[in-house]
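Worksheet: the structure to be examined is printed underneath.
Protein chains get the first letters and strands the later ones, always in sequence-line order, with residue 1 at the start of each.
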Number of protein chains: 2
Amino acid sequence: MPSAGARRTEKLQAILAATEQLMLEQGYGSVTYRSVAAKAGVAAGLVQYYFPSLDDLFVGVLRSGTDRVIEGLEDAARSEHPLRALWEYANNRSGTALLMEFMALANHRPGVGEVIGEGGERVRCAVVEAVSGRWPDYGLDEDTLPPSALVFLLGAIPRMVHLEEGLGTFAGHAETVAVVERFLDRVEPNVAD
Amino acid sequence: MPSAGARRTEKLQAILAATEQLMLEQGYGSVTYRSVAAKAGVAAGLVQYYFPSLDDLFVGVLRSGTDRVIEGLEDAARSEHPLRALWEYANNRSGTALLMEFMALANHRPGVGEVIGEGGERVRCAVVEAVSGRWPDYGLDEDTLPPSALVFLLGAIPRMVHLEEGLGTFAGHAETVAVVERFLDRVEPNVAD
DNA sequence: GTCTATACGGCGATAGAC
DNA sequence: GTCTATCGCCGTATAGAC
């Protein structure tokens, strides 16, 4: 028989996983204490016991998913091809869909917005610092194209593409992606040295 | 005494204006039949009479505001400095805030999303067509930087900047804007010819 | 501590009265 | 055309079982 602590962890994980799944499948609007409880196989009151407000629940999902992502990105930033790693991470569709869901959610949930903003600032600064040193190797001029601008663009472009495609706008996307990938091929060739 | 038709138009306009104002001030989540009715000075049932679902109400606001904007942008696209006009339009803060509100809203309101997607595709194609002919004048290579990619970027960058700043992320924004404006200064100098 | 059951006011939506 | 009554679901609060 599992201990009380193990059961607690188990149910907490189930609640967080159920919430994330609901957000991806049906949007944050479908996240209610009752729907989460049903999907996680617990009582609705229990969800509210651990997460007194829905904001707390959303922030819990955000933190549990983001901490790991930030670690991975910081590693990638110190890897062989940080720019390409950043580009590919932002192109990850399910991760981007969840981030967009949180951005939409944050629009008028200040508590959620703060957590996203902090995480975004933290990871961007880390990546910028990691790639700045390589600018001479890339053959790029810091004044013409500063590292922070490129890091912003490599994250923003795929996200905006996915956001627009979700709405039914597609014009210019393939061309933009092609431009960026030709750029990456030039400054970060696949075969190192 | 105003005619019945005039009163109808008057109340409809009041409802649409109240809805848009509520979206900008407190977010689409605050838009309810009761709140719109209170702000517009009509009965809640009347709002629902004209807009049977909230989706209908949102689409009404979207259409009433967007048709005019699209006209203006198409004119701008045929103007002296189409790229700069596009860039400045996307940098308009209140318009972008409302668009972002609708994008967030559309995430799981398919009816609203379709209207935005159609409008986005329409205006982008119009702008691309308007600027394509000038590519040789700009001194740009259609393969290196296709018109559709640049049009996408000029709209997407300011929107993502505003979106992130609303969440508390600022890193790289000023640098990115500076890069784009140096580019515009080069291909579309302020003094023509 | 963990967890369940129940109650309350507000919401979108519907049907139908005037 | 205009407005009210009503329904089911929501977030929230609380009382109490284990």
Side-chain angles (χ1 to χ4, degrees), chain A residues 1-19 21-23 25-62 101 104-112, chain B residues 1-16 18-19 22-23 25-62 101-102 104-113:
Chain A
M1 172 186 170
S3 71
R7 274 205 316 278
R8 177 196 144 98
T9 300
E10 209 172 288
K11 292 197 172 180
L12 260 175
Q13 301 273 62
I15 289 169
L16 291 173
T19 307
Q21 207 174 333
L22 272 171
M23 289 182 74
E25 287 169 358
Q26 305 184 245
Y28 66 84
S30 74
V31 173
T32 72
Y33 285 122
R34 292 163 176 90
S35 67
V36 169
K39 203 174 190 82
V42 301
L46 184 64
V47 181
Q48 190 171 12
Y49 171 69
Y50 286 121
F51 304 97
S53 76
L54 283 186
D55 273 26
D56 295 324
L57 177 56
F58 286 127
V59 168
V61 173
L62 194 54
E101 200 68 28
L105 173 64
N107 242 18
H108 292 282
R109 295 247 191 181
V112 177
Chain B
M1 170 185 172
S3 70
R7 274 204 315 278
R8 177 197 145 98
T9 300
E10 208 173 288
K11 293 195 174 182
L12 261 176
Q13 301 274 62
I15 289 168
L16 290 173
T19 306
L22 272 172
M23 289 183 73
E25 288 169 358
Q26 306 183 244
Y28 66 83
S30 74
V31 173
T32 71
Y33 286 123
R34 292 160 176 91
S35 67
V36 169
K39 202 174 190 83
V42 301
L46 183 64
V47 180
Q48 191 166 16
Y49 171 69
Y50 286 123
F51 303 97
S53 77
L54 282 186
D55 273 26
D56 295 323
L57 177 56
F58 286 126
V59 169
V61 173
L62 193 54
E101 200 68 27
F102 273 113
L105 173 64
N107 243 16
H108 292 282
R109 295 248 191 181
V112 177

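With contacts defined as side-chain heavy-atom distances shorter than 4.5 Å, the pair B:Leu105/B:Glu101 does not qualify. A heavy-atom distance below 4.5 Å is not found between the side chains of A:Tyr50 and A:Leu57. For the pair B:Phe51/B:Leu16, a side-chain contact is recorded, criterion being any heavy-atom separation below 4.5 Å from C-beta on.
Counting non-hydrogen atoms under 4.0 angstrom, B:Val31 reaches the backbone sugars and phosphates but no base.
What separates CG of A:Leu46 from P of C:dA5 is a distance of 11 Å, to the nearest Å. Between A:Tyr49 atom OH and C:dC3 atom P the separation is 8 Å, expressed in whole Å. In this structure, the CZ atom of A:Phe51 is 13 Å from the P atom of C:dT2, given to the nearest Å.
Considering all non-hydrogen atoms of both residues, B:Leu22 and B:Ser30 come closest at O-OG, 3.6 Å. Across every non-hydrogen atom of A:Val59 and A:Gly111, the tightest pair is CG2-O, 4.2 Å.
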Pairs under 3.5 angstrom, nitrogen or oxygen only, protein versus nucleotides 13-17 of chain C, please.
| residue | atom | partner | partner atom | Å |
| --- | --- | --- | --- | --- |
| C:dA13 | OP2 | B:Tyr33 | OH | 3.4 |
| C:dA13 | OP2 | B:Leu54 | N | 3.3 |

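Between A:Tyr50 and C:dG1 there is no side-chain N or O to OP1 or OP2 distance below 4.0 Å.
Residue A:Ser35 is the one, among A:Gly45 and A:Ser35, whose nearest nucleotide of DNA chain D lies closer to the 5' end (criterion: closest heavy atom).
With D:dG11, D:dC3, C:dC3 as the choices, the nucleotide that has an atom nearest any side-chain atom of B:Ala43 turns out to be D:dC3.
Formation of a donor-acceptor pair under 3.5 Å by the B:Tyr33 side chain with backbone atoms of B:Leu54 is found in this model.
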